[in-house]
Amino acid sequence: MVLSGGDLENASSCQINRVISHPTLPITITAHEDRHIKFYDNNTGKLIHSMVAHLDAVTSLAVDPNGLYLMSGSHDCSIRLWNLESKTCIQEFTAHRKKSDESIHDVAFHPSKCYIASAGADALAKVFV
C-alpha cells in the first residue's frame, strides 16, 4: 500500500502503533496514537474510513479469522469489539490496569475457538471465553 497526497500528510502527523491486513478483503487497518483507527484500500492506498475508537492511544488490533470483527486495545484500559461492516462498537470491557501511563499492549483472536486474549503493561496475559 502506498499513501499519497493528503493521506500521507495525515498518516505522518501521528504515530502508527499497529498495522494489520484483513484476512479476506483488500484492506489494511491501522491503530494510531491519536485514538483513531483507520482503514485503507490496498488497491488504491486511499483512506476509506477513519474513526475515533478509544479515549487514549489505540495500541493493538486483531481481526477474527472469519473477517467479521475487529478487536482493538488501548491505553485507556479497554478492549473494544467492532462490527467491521458497520464500523460500530458492539462490546467494550476493561481488561488491564494502567502502569506508567500504559495499559493494553496486544490483543488476539484464537484461530479456531471462541477465545480472545490480551497482554498488558500490568504484566498480565488474560484469556477471555
Side-chain angles (χ1 to χ4, degrees):
M1 174 181 70
V2 175
L3 299 176
S4 61
D7 295 335
L8 182 58
E9 291 169 12
N10 293 337
S12 64
S13 65
C14 181
Q15 177 176 310
I16 299 171
N17 293 325
R18 186 65 49 98
V19 178
I20 62 169
S21 291
H22 191 280
T24 59
L25 299 174
I27 295 172
T28 295
I29 308 166
T30 56
H32 295 259
E33 192 71 19
D34 68 356
R35 307 174 298 141
H36 282 79
I37 295 175
K38 296 181 180 183
F39 299 79
Y40 293 90
D41 182 312
N42 289 351
N43 296 320
T44 65
K46 297 285 185 191
L47 178 68
I48 53 176
H49 187 73
S50 178
M51 61 188 187
V52 175
H54 283 272
L55 301 174
D56 203 340
V58 183
T59 58
S60 52
L61 297 171
V63 176
D64 79 291
N66 297 319
L68 301 174
Y69 301 101
L70 173 71
M71 184 169 38
S72 60
S74 169
H75 284 326
D76 67 7
C77 303
S78 74
I79 292 175
R80 293 185 179 180
L81 189 63
W82 304 87
N83 176 305
L84 272 173
E85 185 177 352
S86 64
K87 311 285 192 292
T88 56
C89 181
I90 57 174
Q91 188 170 6
E92 174 188 7
F93 55 95
T94 301
H96 294 272
R97 290 181 291 154
K98 275 200 181 243
K99 183 174 182 181
S100 302
D101 287 329
E102 295 186 352
S103 180
I104 297 170
H105 287 284
D106 206 2
V107 293
F109 284 95
H110 189 280
S112 61
K113 299 188 185 307
C114 292
Y115 300 144
I116 61 171
S118 62
D122 55 5
L124 295 174
K126 298 184 176 186
V127 177
F128 303 91
V129 180

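These numbers come from the heavy atoms of this one structure, side chains and all, not from hydrogens, waters or symmetry mates. Computed from a prediction, not measured in an experiment: that's the story for all the values here.
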I'd like to know if [Y] and [X] are part of one continuous hydrophobic network [Ile/Leu/Val/Met/Phe/Trp/Tyr, side-chain heavy atoms within less than 4.5 Å].
X	Y	answer
Ile90	Val63	no
Leu84	Tyr69	no
Leu47	Ile27	no
Ile116	Ile20	no
Val19	Leu70	no

Counting distance only, does the side-chain N/O of [X] pair as donor-acceptor with the main-chain N or O of [Y] below 3.5 Å?
X	Y	result
Asp41	Asn43	yes
Ser100	Glu102	no
Lys126	Ala95	yes
Ser74	Ala57	yes
Arg80	Gly73	no
Ser72	Leu61	no
Thr30	Ile16	no

Next on the checklist: For the residue pair Lys87 and Phe39, would you count it as a cation-pi contact if the rule is NZ or CZ under 6.0 angstrom from the ring centre and within 45 degrees of the ring axis?
Outcome noted: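 Here Lys87 passes the 6.0 Å and 45° test against Phe39.
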In Å, rounded to the nearest 0.5 Å, how long is the span from [atom1] of [X] to [atom2] of [Y]?
X	Y	atom1	atom2	value
Arg97	Ile104	CZ	CD1	13.0 Å
Arg35	Leu55	CZ	CG	7.5 Å
Trp82	Ile37	CH2	CD1	5.5 Å

Checklist entry - Do you know which of Val58, Asn17, Thr59 makes side chain to side chain contact (heavy atoms under 4.5 Å, CB included) with His75? => result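 Option passing the side chain to side chain contact (heavy atoms under 4.5 Å, CB included) with His75: Thr59.
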Heavy-atom closest pair, residues [X] and [Y]:
X	Y	value
Ala108	Met71	O-CE, 3.3 Å
Pro65	His110	CG-O, 3.7 Å
Lys98	Ser103	CG-CB, 4.3 Å
Leu68	Asp64	N-OD1, 2.7 Å
Leu25	His22	N-ND1, 2.9 Å
Gly120	His105	C-CD2, 3.6 Å

Item to check | Phe109 and Tyr115 aromatic centres sub-6.0 Å | outcome: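 No, ring centres 6.0 Å or more apart.
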Next on the checklist: Other residues, nucleotides and ligands only: do more than 12 of their heavy atoms fall within 6.0 Å of CG on Asp101?
Outcome noted: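 Count not over threshold, so no.
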Next on the checklist: Any non-hydrogen side-chain atom of Ile79 less than 4.5 Å from a side-chain atom of Phe128?
Outcome noted: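 Yes, side chains in contact.
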Checklist entry - Going through the checks in order, is the side-chain contact (heavy atoms from CB on, under 4.5 Å) test met by Glu92 and Leu81? => result CA-CA 6 Å; Glu92 174 188 7; Leu81 189 63; over 6 Å; no
Next on the checklist: As a quick check of understanding, evaluate side-chain contact (heavy atoms from CB on, under 4.5 Å) for Ile29 and Arg18, giving each step before the final call.
Outcome noted: CA-CA 8 Å; Ile29 308 166; Arg18 186 65 49 98; over 6 Å; no
Checklist entry - Do the side-chain N and O atoms of Asp34 and His32 include a donor-acceptor pair separated by under 3.5 angstrom? => result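 On atom types as modelled, these side chains do not qualify, holding no pair under 3.5 Å.
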Item to check | Thr28 and Asn42 side chains, donor-acceptor separation under 3.5 Å | outcome: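 Short answer, yes.
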